[in-house]
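To start, the structure under review is shown below, and the notes come after it.
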Protein chains: 2
Amino acid sequence: MSTATETPKPHLLELLWRAAPEAGRGPRKGLTVDEVVAAAVALADEEGLEALTVRRLAQSLGKAPMTLYTYVPGKTELVALMLDTLFERMATTDAEGPGWRDRLAAVARDNYALYRAHPWAAAASPSRPPLGPGQCAKYERELRALEGLGLGDVEMDDALAHLLAFVRTAARDAAQSEAEREASAMSDAEWWQANGPLLAKVLDAERFPTAVRVGQAAGEAHDAAYDADHAFAFGMERTLDGLAAIIER
Amino acid sequence: MSTATETPKPHLLELLWRAAPEAGRGPRKGLTVDEVVAAAVALADEEGLEALTVRRLAQSLGKAPMTLYTYVPGKTELVALMLDTLFERMATTDAEGPGWRDRLAAVARDNYALYRAHPWAAAASPSRPPLGPGQCAKYERELRALEGLGLGDVEMDDALAHLLAFVRTAARDAAQSEAEREASAMSDAEWWQANGPLLAKVLDAERFPTAVRVGQAAGEAHDAAYDADHAFAFGMERTLDGLAAIIER
DNA sequence: CCGTACATCGTACGTTGTACAATATACAAC
DNA sequence: GTTGTATATTGTACAACGTACGATGTACGG
């Protein structure tokens, strides 16, 4: 009881910063945390977040499922680790001009590209990501785009969070509508043939005049294929305009 | 083969508009779609989306689990129905002033209130919700706040989608951080005691000068309790400012 | 009055994350 | 060199999920 050798399970923070105690007794470890995380990222990239199961991941590493719990306390922590490595290796581009707007636009585009390349990340990432090295470096780098604009520290954090939340949502919506279109057995024509009559009957222009008019215009404009990217482009300009209101005052 | 009596399973649209064929043969139905949906909404309201299982829902209705599949083709369609009834019964408030900004602010606040009252809806609702009667009425009503401002039809749709996406994300983040705080076994003090030393060691101000300064300021300003509502207030003003750029031009 | 369409429901399958206990291994201490 | 122990690995097992399938009973159309 009192002499029980407590093996405190590694907290998430220790894993993120790779601050494991490095014990020496017992058999050698056949893997590293990085290998597990890398395999998980590869699997999620190729087959999506729902294909990332403990069993599949263990299989891809040539181990039994339960073995992974030696390296990671649970699936939640695994996803956090995946996200942080993604942030650490994130590609960045230079701003296209000297102004704050160019810098923030580059930040937005880089994040959008990241989430489009790894759709599982947009779906998985929580509002406040865990404070790993990758996240911290990203936060530092992106905050610099807002430095020297006359904003207070709190405003800088608010502004960045606002921009990043928009990008993440846009990417998530884009990936989702893409997945829905792929998963849908019906083509657009088939869907319209099946549901068109009912829709026409029920969406009369007297009950919903504005909705019918605007909805039809929007549907024709972007034929649902480039819908998501258009929404991102529109939203990014609006978001930057919104930030301009507190920057250029 | 050719004379096979095909029982076409009801499409989602028919369910949303309650356009079921109303067959007369066989035993009486013991429930209605509305009763099932209402019970599902009540269950999700009280215990969250993850507690909404077919078994629990059937139990709350006094039926066997598989019985529900008589009324709804699957869980996906059930959630769509839940969302549409939520939209149909959604409470709206009047704008606080005569301008477009007051109208849009009212739309944003109404949506935020809806998603805060029914957190599962913010988590479940897809980017493009199904075209049920509730969704259509909501779309019509909210578009009217954008009418007569000189925007094109496509721009009106873009602007509304942009605003609603922001609100949904803000509400989702708010609910998530609230849930995390409740689910966390540790209090803030405990967490800090456990992770503070490592964090202090690893977050040195030389590697991350801006991040440390801004992060500390942000952390102190809103002590994580009213964080989410603050983010909504800030983001709403920024979003409206962003839309102003294309409305007041 | 009968045949059939349909509501109801019990059972079962494949899937998930992971708790638990058994086994094998390699270093620390003597 | 031997022994004790911490630990990596793994097989089995559990509870929960959505839902496919088939049996059973009911009530209306012919």
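Only a predicted model underlies this, so the values are computations on that prediction, with no experimental measurement involved. Naming: A, B, ... by sequence-line order, numbering from 1 per chain.
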Report the distance from atom [atom1] of [X] to atom [atom2] of [N], rounded to the nearest whole Å.
| X | N | atom1 | atom2 | answer |
| --- | --- | --- | --- | --- |
| A:Arg56 | C:dT18 | CZ | P | 18 Å |
| B:Leu52 | D:dT19 | CG | P | 11 Å |
| A:Glu50 | C:dG17 | CD | P | 12 Å |
| A:Leu57 | C:dT16 | CG | C1' | 14 Å |
| A:Tyr71 | C:dT18 | OH | C1' | 18 Å |
| B:Gln59 | C:dC9 | CD | P | 13 Å |
| A:Leu68 | C:dT16 | CG | P | 13 Å |
| A:Arg55 | C:dA19 | CZ | P | 13 Å |

Would a distance-only check, ignoring hydrogens and angles, find a side-chain to backbone donor-acceptor pair under 3.5 Å from [X] to [Y]?
| X | Y | value |
| --- | --- | --- |
| A:Trp17 | A:Leu131 | yes |
| A:Arg18 | A:Leu15 | yes |
| B:Lys29 | B:Tyr71 | no |
| B:Gln135 | B:Pro130 | no |

Taking the side chain of [X] as heavy atoms from C-beta outward, which of [options] is closest to it?
| X | options | answer |
| --- | --- | --- |
| A:Thr67 | C:dG17, D:dT10, C:dC9 | D:dT10 |
| A:Tyr69 | C:dT18, D:dT9, D:dG18 | C:dT18 |
| B:Met66 | D:dA20, D:dA8, D:dA13 | D:dA20 |
| B:Lys75 | D:dT19, D:dT9, C:dT8 | D:dT19 |

Original post:
Do other residues, nucleotides or ligands put more than 12 heavy atoms under 6.0 Å from the CD atom of B:Glu35?
Top reply: yes
Original post:
Any idea how B:Phe232 and B:Phe166 line up, ring-wise: parallel (<30°), tilted (30 to 60°), or perpendicular (>60°)?
Top reply: parallel
Check: residues 36-50 of chain B side-chain donor-acceptor pairs under 3.5 Å, at least two apart:
residue, atom, partner, partner atom, Å
B:Asp45, OD1, B:His118, ND1, 2.6
B:Asp45, OD1, B:Trp120, NE1, 2.6
B:Asp45, OD2, B:His118, ND1, 3.1
B:Glu47, OE1, B:Arg56, NH2, 3.2
B:Glu47, OE2, B:Arg56, NH2, 2.5

Subject >> Sub-4.0 Å heavy-atom contacts from residues 25-49 of chain A onto DNA chain D, ordered by number >> reply: A:Arg25, A:Gly26, A:Pro27, A:Arg28, A:Lys29, A:Gly30
